[in-house]
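Got a structure for you, questions after.
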Amino acid sequence: MTEAKLDKVYAPKAIEEKWTKYWLENELFRADVNSTKPAFSMAIPPPNVTGSLHMGHALNNTLQDILARYKRMKGFDVLWLPGTDHAGIATQNVVEKKLHAEGLDRHKLGREKFIQRVWQWKEESGGAIINQLKRLGASCDWSREQFTMSPELSKAVREVFVRLYEEGLIYRDERLINWCPRCLTALSDIEVEHEETPGKLYHIRYPLADNPKEFLTVATTRPETMLGDTAVAVHPDDERYNKFIGKEVLLPLTSRRIPVIGDSILVDIEFGTGAVKITPAHDFNDFEAGLRHSLKRINIFNERAHIKQNIPDINPEIMEEITGLHVHKARERVIHILKEHGFLTKSEDHKHVIGKCYRCKTVIEPYLSPQWYVKVKPLAEEAIKAVEQGKTRIIPEGWQNTYFEWMRNIKDWCISRQIWWGHQVPAWYCLKCNKGEIYEVHGEKRFSAKAKPIVSRTEPKDCPACKSKDIVRDNDVLDTWFSSALWPFSTLGWPEKVETQNLASLLQRYYPTSVIVTGFDIIFFWVARMMMMGLKFMGNVPFRDVYIHALVRDAEGQKMSKSKGNVIDPLVIMDKYGTDAFRFTLAAMAAQGRDIKLAEERIEGYRNFCNKIWNLARFTLMNLEGFSDHWPLTTGHYSLADKWILTRLNAAIKDVTEDLETYRFNDAANSAYQFVWHELCDWYVELIKFDLRGENSEERKMTAQTVLLKILKDSLKLLHPIMPFITEEIWDVLPHEEGDKGQGAGVSSIMQQPFPKTGEDYPDAERDMILIMDVIKAIRNIRSEMNVSPALTIEAVCYSSDVSVIRLLETEGSHIKTLSKVSVLNISAPAGRPENCATAIADNIEIFIPLKGLINFEEEEKRLKKDIEKIEKEILALERKMSNKEFIERAPKEVVEKDKARLEELLQKKTKLEQ
RNA sequence: GGGCGGAUAGCUCAGUUGGUAGAGCGCAGCCCUUACAAGGCUGAUGUCGCAGGUUCGAUCCCUGUUCCGCCUACCA
């Protein structure tokens with residue numbers, strides 16, 4: 001007697017904790033470099049150390065874990081490499097906030113102490129996200145956890161930087177960059193979020209220098225920047241203004257005379273007034289125009305976007321009024337003054353796009369400063385080729401265009417950041433050689449773009465040129481995404497391969513990785529750059545497949561955000577419904593190419609599914625009395641139901657396998673769900689209850705037990721990648737055959753089992769079973785429609801003119817009796833409708849149910865009429881189709897045949913019903 | 001401005017070679033039938049955004065169009 005070892009109630013929490021601990025203690029997720037199995041590898045998109053598990057992580061890592069577990073069961077040596085990202089700005093912001101609460105700031109603390117504080121913070125709180133991933137069931141090889149600021153990865157960063165510099169692919173230049181006045185750092189183009197905002201377009205008169213009564217009116221959205229104007233541009237073909245080209249205008253509020261120039265690139269005749277003020281130090285277009293016309297650049301504000309002192313040429317009283325004001329405040333003042341002096345002629349509503357910092361949402365200011373850049377064009381070319389040649393596939397394919405589009409229009413990547421937390425640029429400056437190029441910000445020495453850096457893997461002892469020991473390190477750190485770009489190979493030990501044999505084989509074995517799974521929001525930030533760096537330094541793509549998944553939104557389709565207050569916390573969900581239900585929901589909703597609108601009811605539905613599986617397992621265990629694992633499982637023993645469910649299992653295995661191979665997670669989840677609930681539980685379990693109770697024969701009992709157990713085990717294996725915990729728990733208490741329990745040191749887990757393979761199909765049994773099921777459904781339908789109590793046992797008459805059908809009904813009639821609660825099933829009755837009967841037709845089997853005493857004839861009439869109407873409608877459609885000659889001639893034969901048969905069936909059915 | 005995606009049952013969404021539309025939740029009716037009420041059985045509901053075109057036949061292919069959403073872009 002097998003004792004039930006599952007609690008009556010499915011309680012996910014304890015199970016999850018138990019198995020997480022077991023898996024980790026037994027290191028079941030560990031990759032084996034020396035394995036003879038084929039390798040499957042993935043690098044996790046490293047979450048920020050500051051992070052807490054959100055829906056995006058949950059989806060991303062659930063999908064990866066499904067792949068990892070599936071591939072493991074498919075016989076691969078799986079390396080899923082985990083780790084976290086140091087997340088420069090984000091982390092610095094977190095620690096700065098903490099300092100602020102203590103009444104400190106990083107400048108008071110100093111760079112070295114501040115960085116110590118960040119490390120301290122990382123040690124104390126940085127592991128949260130990793131533990132949350134473990135709770136999600138992520139089967140990463142935790143023994144290889146990496147951090148983008150670790151000494152090893154830092155070494156990789158330095159190596160890449162130095163090599164790129166030596167090849168001329170990294171350089172320094174003074175340009176206009178996106179500057180965040182709050183973070184006090186430069187940002188790359190893609191770190192700026194654009195947002196359409198209503199604003200105003202101001203028309204300002206610039207008097208002509210030689211005739212102050214004449215004006216050139218410019219239009220601008222940012223009037224305060226006029227203080228930095230160094231020219232006015234008009235279109236050379238613009239007849240209104242081209243006569244002014246070469247002349248000068250007086251810049252209002254200043255004593256500055258600036259030239260009028262002709263520029264067809266910058267100026268759109270149609271827009272605004274047709275005349276454009278040029279501020280090369282504060283606008284990207286103007287900067288370019290300034291280069292074309294060799295214009296001076298006048299910077300009017302500082303790092304915090306406050307108006308500088310002593311901007312050249314400004315009227316002193318105005319200067320005094322606005323010095324130190326934030327540009328936005330200064331704007332109001334300038335508008336006011338312009339209006340007072342009659343320079344402002346008009347202001348109209350105008351919506352325009354403004355950039356905001358992706359970390360803190362502060363309005364970005366274009367700001368002139370020396371920065372480090374990567375020359376990306378040559379790298380991008382290779383990255384484009386690799387995808388064109390199919391060395392890397394992007395899935396779903398639609399994202400390829402996005403990738404190409406960006407790669408083809410790529411601009412040089414500004415990689416330096418003026419923050420402290422991150423990989424400090426491995427460059428030094430000789431104070432002697434660069435004497436004239438030094439300036440100070442917040443007590444830090446900075447160097448102009450003309451300064452000559454010494455770039456080196458290690459700190460130089462002295463200046464190679466003058467041997468002076470007076471050298472200073474560049475204060476900038478690298479864009480966080482610079483180190484992320486190296487992730488697929490830096491985590492595998494690069495560049496150490498020459499020195500350590502073991503690391504070499506790691507790279508050899510696991511690079512390129514098999515697939516990277518990520519959201520589309522970081523295609524540019526991350527995927528594109530990994531491609532460039534991987535190709536450059538490894539000579540091969542970093543991954544074979546890129547699987548791009550959707551964004552998780554709330555039930556209304558809104559992006560989840562703290563400010564909107566619509567965030568669903570995955571940890572809360574896991575507490576409430578269990579991790580398996582949550583994971584299953586994510587998988588089931590992860591259809592390619594569409595965002596996920598997460599509604600809690602859906603999760604609840606899949607929690608119920610977990611419960612269903614749980615009870616299925618309990619039922620199985622309760623019915624294994626006398627079970628012998630030596631019972632031979634051969635075709636000869638199988639009943640119709642056995643053959644049917646085995647055939648359906650094959651279909652489920654085939655579907656789930658194909659779906660997982662092609663990243664169709666939702667289809668895989670649905671196939672498994674459909675099979676387990678609506679075929680296995682709803683039908684098979686009900687069909688074999690008699691057998692299991694031993695009411696047929698010992699042989700039937702043994703066979704049913706064996707088949708049920710096999711189907712349950714295979715179902716658990718099918719589900720395990722999606723629902724690891726519940727499947728492991730049930731697997732653990734099931735009886736096992738030799739070798740079923742997994743290998744090695746008493747450790748056993750369903751995850752070590754091979755993924756189910758399809759067995760023999762029984763198409764005849766499948767067809768016959770459908771027939772029986774249809775009859776059962778038809779009788780149930782009558783009972784329900786006629787309001788026959790479920791407690792009441794009734795009689796039924798089935799009639800068919802087909803001998804094989806009659807034989808089938810005779811041999812399998814017991815199922816009909818049991819499942820539709822019929823006591824006498826009369827099969828050999830003659831055709832024609834007996835008196836006082838409810839009638840139905842299923843698959844050309846006529847079903848009559850004598851209803852003496854318990855019928856409502858009006859109901860029956862109504863029911864019949866409805867049936868007939870439905871049939872007539874379909875017949876009409878089919879007949880129209882059949883009378884269409886071209887359909888008969890041109891449609892595929894099978895289709896015509898099928899329709900013909902269907903029509904015939906319907907006609908027969910109709911006549912029978914009408915009798 | 002350019003590009004992409006969506007529009008299918010009350011709600012959230014599937015629908016992979018064009019051949020009579022599916023699921024979950026919700027809804028209605030009946031049932032505590034000893035695996036499961038987090039359950040069982042039965043049922044109802046769709047001019048598949050709009051207009052054309054190709055085709056014997058279109059939710060699916062083509063063109064146009066309207067609403068949403070997203071990405072991208074230097075119109076001051």
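Here is the naming used below: chain letters follow the sequence lines, and residue numbers restart at 1 for every chain.
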Gap in Å between the two P atoms, one belonging to B/rA7 and one to B/rC62, rounded: 15 Å
A/Phe525 and A/Tyr358 aromatic centres sub-6.0 Å: yes
Set of residues satisfying salt bridge (Lys or Arg N to Asp or Glu O under 4.0 Å) with respect to A/Glu897, sequence neighbours excluded: none
Interatomic distance, A/Glu405 CD vs B/rC4 P [rounded to whole Å]: 9 Å
Check: A/Phe271 ring centre within less than 6.0 Å of A/His350 ring centre: yes
Between B/rG40 and B/rG26 - P atom distance, rounded Å: 12 Å
Sugar-phosphate, base or nothing in reach of A/Phe524, heavy atoms under 4.0 Å: sugar-phosphate
Distance (rounded to the nearest 0.5 Å) between A/Lys200 NZ and A/Thr221 OG1: 12.5 Å
Distance, P atom - from B/rU8 to B/rG69, rounded to whole angstrom: 15 Å
Range-with-range stems of RNA chain B (Watson-Crick or G-U pairs under 3.5 Å, three or more in a row): B:1-7 with B:66-72, B:10-13 with B:22-25, B:27-31 with B:39-43, B:49-53 with B:61-65
Partners meeting side-chain contact (heavy atoms from CB on, under 4.5 Å) with A/Ser814 (sequence neighbours left out): none
Sugar-phosphate, base or nothing in reach of A/His282, heavy atoms under 4.0 Å: nothing
Donor + acceptor pair across side chains of A/Ser188, A/Glu191 (<3.5 Å): yes
Separation of atom CD1 in A/Ile523 from atom P in B/rC70, rounded to whole Å: 16 Å
Same-atom distance (C1') from B/rG46 to B/rG5, integer angstrom: 24 Å
Length of the line joining A/Asn401:CG and B/rG2:C1', which is rounded to integer Å: 13 Å
For A/Asp283, all residues meeting salt bridge (Lys or Arg N to Asp or Glu O under 4.0 Å), sequence neighbours excluded: none
A/His203 versus A/Glu348, side-chain donor and acceptor atoms under 3.5 Å: yes
Separation of B/rA44 C1' from A/Glu785 CD (nearest whole Å): 10 Å
Whole-Å P distance, B/rA38 and B/rU34: 16 Å
B/rU12 versus B/rG49 - spacing of their P atoms, nearest Å: 15 Å
Residue pair A/Thr279 / A/Lys277, side-chain donor-acceptor N/O under 3.5 Å: yes
Quiz item: cation-pi between A/Arg780 and A/Trp683, 6.0 Å / 45°: yes
Test item: side-chain donor near acceptor, A/Tyr206 and A/Asp229, under 3.5 Å: yes
Nucleotide B/rC30, atom C1' - distance to CD1 of A/Ile794 in whole Å: 14 Å
Test side-chain contact (heavy atoms from CB on, under 4.5 Å) applied to A/Arg240 and A/Val234, A/Ile269, A/Thr273, the passing residue: A/Ile269
Among B/rG29, B/rC70, B/rU16, the nucleotide that comes nearest once only the side chain of A/Asn787 is considered: B/rG29
Please write out the pairs of protein N or O atoms and N or O atoms of nucleotides 73-76 of chain B separated by less than 3.5 Å, giving the distance to one decimal.
from: B/rC74; atom 1: OP1; to: A/Lys411; atom 2: NZ; distance (Å): 3.3
from: B/rC74; atom 1: O2'; to: A/Asn285; atom 2: ND2; distance (Å): 2.5
from: B/rC74; atom 1: N1; to: A/Asn285; atom 2: OD1; distance (Å): 2.9
from: B/rC74; atom 1: O2; to: A/Asn285; atom 2: OD1; distance (Å): 2.5
from: B/rC74; atom 1: O2; to: A/Asn285; atom 2: ND2; distance (Å): 3.1
from: B/rC75; atom 1: O2; to: A/Asp268; atom 2: OD2; distance (Å): 3.0
from: B/rA76; atom 1: OP2; to: A/His350; atom 2: NE2; distance (Å): 3.2
from: B/rA76; atom 1: O2'; to: A/Ala219; atom 2: O; distance (Å): 3.3
from: B/rA76; atom 1: N6; to: A/Asp268; atom 2: O; distance (Å): 2.9
from: B/rA76; atom 1: N6; to: A/Phe271; atom 2: O; distance (Å): 2.3
from: B/rA76; atom 1: N1; to: A/Asp268; atom 2: N; distance (Å): 3.1

Whole-Å distance separating the CZ atom of A/Phe404 from the P atom of B/rC4: 15 Å
Rounded distance in Å - CD (A/Glu193) to C1' (B/rC71): 12 Å
Euclidean distance, atom CG of residue A/Asn781 to atom C1' of B/rU42 [Å, nearest integer]: 7 Å
Sugar-phosphate, base or nothing in reach of A/Arg783, heavy atoms under 4.0 Å: nothing
Nearest-nucleotide comparison on RNA chain B, the residue closer to the 5′ end among A/Gly398 and A/Ile776: A/Gly398
Any A/Asn670 side-chain nitrogen or oxygen under 4.0 Å from OP1 or OP2 of B/rG24: no
Sugar-phosphate, base or nothing in reach of A/Arg780, heavy atoms under 4.0 Å: sugar-phosphate
Please enumerate all protein N or O atoms sitting under 3.5 Å from an N or O of nucleotides 33-39 of chain B, with distances to 0.1 Å.
from: B/rA35; atom 1: OP1; to: A/Lys689; atom 2: NZ; distance (Å): 3.3
from: B/rA35; atom 1: O2'; to: A/Asn615; atom 2: OD1; distance (Å): 3.0
from: B/rA35; atom 1: O2'; to: A/Arg618; atom 2: NH1; distance (Å): 2.9
from: B/rA35; atom 1: N6; to: A/Cys681; atom 2: O; distance (Å): 3.3
from: B/rA35; atom 1: N3; to: A/Asn615; atom 2: O; distance (Å): 3.1
from: B/rA35; atom 1: N3; to: A/Leu616; atom 2: N; distance (Å): 3.4
from: B/rC36; atom 1: O4'; to: A/Asn615; atom 2: OD1; distance (Å): 3.1
from: B/rC36; atom 1: O4'; to: A/Asn615; atom 2: ND2; distance (Å): 3.3
from: B/rC36; atom 1: O2'; to: A/Asn611; atom 2: ND2; distance (Å): 3.3
from: B/rC36; atom 1: O2'; to: A/Asn615; atom 2: ND2; distance (Å): 3.3
from: B/rC36; atom 1: O2; to: A/Lys612; atom 2: NZ; distance (Å): 2.9
from: B/rC36; atom 1: N3; to: A/Lys612; atom 2: NZ; distance (Å): 2.8
from: B/rA38; atom 1: O4'; to: A/Asn608; atom 2: OD1; distance (Å): 3.2
from: B/rA38; atom 1: O2'; to: A/Asn611; atom 2: ND2; distance (Å): 2.9
from: B/rA38; atom 1: N3; to: A/Arg607; atom 2: NE; distance (Å): 3.0
from: B/rG39; atom 1: OP1; to: A/Asn608; atom 2: ND2; distance (Å): 2.9
from: B/rG39; atom 1: O3'; to: A/Lys612; atom 2: NZ; distance (Å): 3.1

Rounded distance in Å between the C1' positions of B/rC41 and B/rC50: 41 Å
First of A/Asp659 and A/Asn884 reached from the 5' end of RNA chain B, by closest nucleotide: A/Asp659
Gap in Å between the two P atoms, one belonging to B/rC11 and one to B/rG18, rounded: 30 Å
A/Met723 vs A/Ile613 side-chain heavy atoms within contact, under 4.5 Å: yes
